[in-house]
Every structure is written in C-alpha cells, then in structure tokens.
Enquirer: 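If you scroll down you'll find the structure; I have some questions about it.
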Protein chains: 2
Amino acid sequence: MATTGKTADRARPTYFPTLAAERLDIALCRASSAVARAADAHAAAEGLGVGQHLVLRMLDAVGPCSQQALSEELRIDRSVMVSVCDDLERAGHVRRERNPADRRSYAVTITDSGRRRLAAAQASIPAFLDDAFHALTDDERDRLGAILAKLLETGTPR
Amino acid sequence: MATTGKTADRARPTYFPTLAAERLDIALCRASSAVARAADAHAAAEGLGVGQHLVLRMLDAVGPCSQQALSEELRIDRSVMVSVCDDLERAGHVRRERNPADRRSYAVTITDSGRRRLAAAQASIPAFLDDAFHALTDDERDRLGAILAKLLETGTPR
DNA sequence: TCCAAATCGTTTGACAGCAGATGATTTGCG
DNA sequence: CGCAAATCATCTGCTGTCAAACGATTTGGA
C-alpha cells in the first residue's frame, strides 16, 4: 500500500505486540526495562538506591556478610558493590568491620541507623510493587513470580 | 565431604531465592539480565547484533520505515538507532532512501542482501529461545508470554 | 503569508555496568 | 616449612545506554 504521506498519529501500526509474541526474550527485556525504570524512580524519590536497599535488606536478614557474599547473592557485580558499600558507610548505615579469621574480607555490618533506614524503605515497597505491576491480577503476579523463580533457579545454560 | 567449615563453601546460604520471592521487580530484572546476556552471546556468534536483527525483521514485516518508527516500535532509543542503521547500511543490508513527502525522515529500506541475512538469522532463533528458556515447559513459556504482553500493553504508570 | 512550535536524524556528554589487572592475604600441597 | 594458586576488595578502562542540544525541515495557527 502506498503510504500517502500523512502516515501520522491515527491508527498506529503497532508492530511491537507482534514482536513481543514471537520473541519472548525481547518481551522479557522490555518489560524489565520498564519496571527497572520505575524502581529507579521510586528509589530516587525514596533517597536510597536500589542496590543500597538490597544490601541493607540482606544484612538485616542474614547478619554480617563479606562484600563477596553480598555480591553473589544479590547478583550485583563486586566492583559495583564497592561503591554501594562506600555510600552506605558514608551515610552511617553500615560499618566495614575486619574479619579476624580472614583479613582479606570485611564483615559488612548494618548499624541502627541502617536498620531504621531499611524499615522506612521497606514500608514503601508494597505500594511500589502494586503500582509497577498494577496491570496484573494477584494470581498473575504469583504465576509470574513462580515462573521467574524457576527460570532463575535453573539458569540459562552458559 | 563433611567440611565443618564455619561459613564457607558447602551448604550455601542462598539468600537469593528469598529475595526473588519478595521482590518481583528484582526477579524480573535478574532473569532479564541472564536472558539478555545469552541473547548477546548468540547474536555475537551469529554475527548480527540483536538490534540489527530486530530492525531487519520489522522492515521485512511492515515495509520501509523511518528511524523514528523503528525506534518507537522496537523500543530502541533513537540515538542508538542511528548507529544500528549505520552498521546495517555499511553492510549493505538496508538503504536510507529519502522520503520525498518529508525530507526530515528517511525511508529505511531492506535490501535483498538484508533479506538473506535476516532469513539466516531467523532460522537460528527457535533453537536459541529453546535453549534460553529450557527451564520452562511450553505451557509456562506461553503463560510467561501472555503475562509479559499484558504488562507491556498496559505499561507501568509513570 | 509568515512565524512559532513540533518533528526527524544526529552529535555530544554523562553515567552505569562489566572485564581484567593489582595488592594484600589466605589456603593447598609437596 | 615454603611456595604456587586461590580469594577478597579495589581500581582502571571500555562499552552500551540515555538525556539534552542542535540543524534541517515540516506543520499549524494568527
């Protein structure tokens, strides 16, 4: 069909749904980008970066950890973890204590200040999640979570 | 292997599943990263970037498009689209034809060379998807696709 | 008609994420 | 014991992504 010049705003072609249907990897990545953007915006408004929040959450849940352990469990690169811990330490939310049994690693420890900060940040998470995934029913969110867990658990081969 | 080690290697704590269960956004992002990494590796092995593949696919499906249209439908930033089209043009897979009706925009057009390249790349996609999502049953893949489509369709509110 | 605003492609600059190298320390093994 | 290899935190450099600004062109309204 000859595009008669004025192929502007009305009756959009919207190729994207077709793409998403045939490329599950692309659908996953695009959805992730949208959610990540929302998460960053929320974190910025909250004044605590996503990575910082996750670190505090894990330290509170499992106790003092090395940066290595934090890095592996939170899937944050260890070179990035350096600056995340730097910021948390500067804010007084964690301390880097020496591990006497292994002086190569720190025992990153949450402080009372960090626990208070975490509590505040945690309180805002349910509303954020509800907002980010408002397009889905509770049932669909559960199913999505289960499928992603299975995917993450088994991992993608090499 | 009864390593009575205090905290070390065997019987890992694995906090990650807990995190994924309580933070659907993080689960989505981490799964996306893993899949994206696999897609990049596949694309590199195939010799055609992911973005380039998507552009060829859309041009073949809907005919000549402006870079703007490609950018919006494929969810690729327009400044990135410039270099994607540069590479494709340099390889002879597309031509940038002038749109006489609107000389601001190009009519990016796929060439025969591009169609051949696309056919080869398309042929390798099913095996790649099967590999990347091998942890999921066909049913789970369908459900994941449907849920992601719904999420993408409605979008995350600002 | 004419001019302000919008649109398209492009360039530039800032910034996050990741690979690889490095120094300090610990571990494994002869 | 002694030394090679592994581990932890850190630093450096590269790459990909995105926001903002910019010329060229089109559009809409006074």
Side-chain angles (χ1 to χ4, degrees), chain A residues 3-10 12 29-30 32-34 36-41 43-44 49-52 54-55 64-89 94-109, chain B residues 1 3 5-10 12 29-30 32-34 36-41 43-44 49-52 54-55 64-89 94-109:
Chain A
T3 55
T4 59
K6 307 294 178 65
T7 53
D9 32 40
R10 189 191 44 75
R12 257 198 268 174
C29 289
R30 296 302 184 266
S32 170
S33 296
R37 177 172 295 262
D40 281 340
V50 173
Q52 299 179 33
L54 296 183
V55 166
C65 293
S66 67
Q67 292 181 195
Q68 182 77 9
L70 290 167
S71 177
E72 285 175 8
E73 292 301 320
L74 300 178
R75 307 290 196 271
I76 295 173
D77 191 88
R78 55 204 172 116
S79 61
V80 174
M81 185 58 68
V82 173
S83 54
V84 172
C85 288
D86 280 350
D87 293 342
L88 284 174
E89 189 175 39
V94 304
R95 283 192 309 270
R96 279 181 166 112
E97 300 184 345
R98 274 290 165 193
N99 179 355
D102 187 343
R103 285 177 7 225
R104 289 171 304 182
S105 65
Y106 293 121
V108 182
T109 307
Chain B
M1 288 300 142
T3 51
K6 304 296 182 182
T7 57
D9 30 290
R10 228 45 56 195
R12 261 197 265 173
C29 290
R30 297 300 185 266
S32 170
S33 296
R37 176 171 297 259
D40 281 340
V50 174
Q52 299 179 33
L54 296 183
V55 166
C65 293
S66 68
Q67 292 182 196
Q68 182 76 10
L70 290 166
S71 177
E72 285 175 9
E73 292 301 319
L74 301 178
R75 307 292 197 267
I76 296 174
D77 191 90
R78 59 203 170 116
S79 61
V80 174
M81 185 58 68
V82 173
S83 52
V84 171
C85 287
D86 280 351
D87 293 342
L88 284 173
E89 188 175 38
V94 305
R95 283 192 309 270
R96 278 180 166 112
E97 300 182 344
R98 275 290 166 194
N99 178 355
D102 186 342
R103 279 167 23 213
R104 289 171 304 182
S105 64
Y106 292 122
V108 182
T109 308

Enquirer: Over all strands shown, is B:Ser79 touching base, sugar-phosphate only, or nothing at heavy-atom distances under 4.0 angstrom?
Expert: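 Since a base atom lies under 4.0 Å of B:Ser79, the category is base.
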Enquirer: Could you give the CZ-to-P distance, from A:Arg104 to C:dT25, as a whole number of Å?
Expert: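 So the two atoms are 11 Å apart, to the nearest Å.
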Enquirer: Which part of the nucleic acid does B:Arg37 contact within heavy-atom distance under 4.0 Å: base, sugar-phosphate only, or nothing?
Expert: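 Result for B:Arg37 = sugar-phosphate.
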Enquirer: Backbone N or O of B:Ala107 within a donor-acceptor pair of the B:Thr109 side chain at under 3.5 Å?
Expert: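 Side chain of B:Thr109 to backbone of B:Ala107: a pair is present.
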Enquirer: Is there a side-chain contact between A:Arg96 and the phosphate of D:dT10, meaning an N or O under 4.0 Å from OP1 or OP2?
Expert: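 For A:Arg96, the contact criterion (side-chain N or O under 4.0 Å from OP1 or OP2 of D:dT10) is met.
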Enquirer: Once you round it to whole Å, what is the distance between P of D:dT17 and CZ of B:Arg78?
Expert: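 It is 16 Å, rounded to the nearest whole Å.
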Enquirer: Applying a 4.0 Å non-hydrogen cut-off, can you work out what A:Arg75 is touching in the nucleic acid: base, sugar-phosphate, or nothing?
Expert: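 Nothing, no heavy atom under 4.0 Å.
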Enquirer: Mapping B:Cys85 and A:Asp77 onto DNA chain C by nearest heavy atom, which one lands closer to the 5' end?
Expert: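 Its nearest nucleotide lies further toward 5', so the answer is B:Cys85.
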Enquirer: Roughly how many Å is it from CD in B:Gln67 to P in C:dC8, rounded to a whole number?
Expert: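 Atom CD in B:Gln67 sits about 11 Å away from atom P in C:dC8.
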Enquirer: Hey, does A:Arg96 have a side-chain heavy atom less than 4.5 Å from the side chain of A:Cys85?
Expert: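 Side chain of A:Cys85 against side chain of A:Arg96, heavy atoms only: contact under 4.5 Å found.
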Enquirer: Between atom CE in B:Met81 and atom P in D:dC18, what is the gap in whole Å?
Expert: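 Result: 12 Å.
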Enquirer: State, yes or no, whether a side-chain contact exists between B:Gln67 and B:Arg78 at a heavy-atom distance under 4.5 Å.
Expert: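 No, side chains not in contact.
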Enquirer: Taking only N and O in the side chain of B:Arg103, is any of them less than 4.0 Å away from OP1 or OP2 of D:dT25?
Expert: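 Checking B:Arg103 against D:dT25: at least one side-chain N or O falls below 4.0 Å of OP1 or OP2.
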Enquirer: Starting at the 5' end of DNA chain D, which residue's closest nucleotide do you reach first, B:Val80 or A:Tyr106?
Expert: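 Going by which nucleotide is closer to the 5' end, it is A:Tyr106.
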Enquirer: May I have the distance from A:Asn99 (atom CG) to C:dT26 (atom C1'), rounded to whole angstrom?
Expert: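 So the two atoms are 12 Å apart, to the nearest Å.
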Enquirer: Grab the two heavy atoms, one from A:Cys65 and one from A:Leu70, that are nearest each other, plus how far apart they are.
Expert: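 The answer is CB-CG, 3.9 Å.
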Enquirer: Rounded to whole angstrom units, what separation is found between the CG atom of B:Asp40 and the P atom of D:dG16?
Expert: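 Distance check: B:Asp40 CG to D:dG16 P gives 9 Å.
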Enquirer: I need the CG-C1' distance between B:Leu70 and C:dG9, as an integer number of Å.
Expert: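 Interatomic distance, CG of B:Leu70 to C1' of C:dG9: 12 Å.
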Enquirer: For residues A:Tyr106 and A:Glu97, determine if any side-chain heavy atom of one lies less than 4.5 Å from a side-chain heavy atom of the other.
Expert: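 Heavy-atom side-chain distance check fails, nothing below 4.5 Å.
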Enquirer: Using atom CD of B:Gln68 as one end and atom P of D:dT26 as the other, report the distance to the nearest whole Å.
Expert: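 In whole Å, D:dT26 P and B:Gln68 CD are 16 Å from each other.
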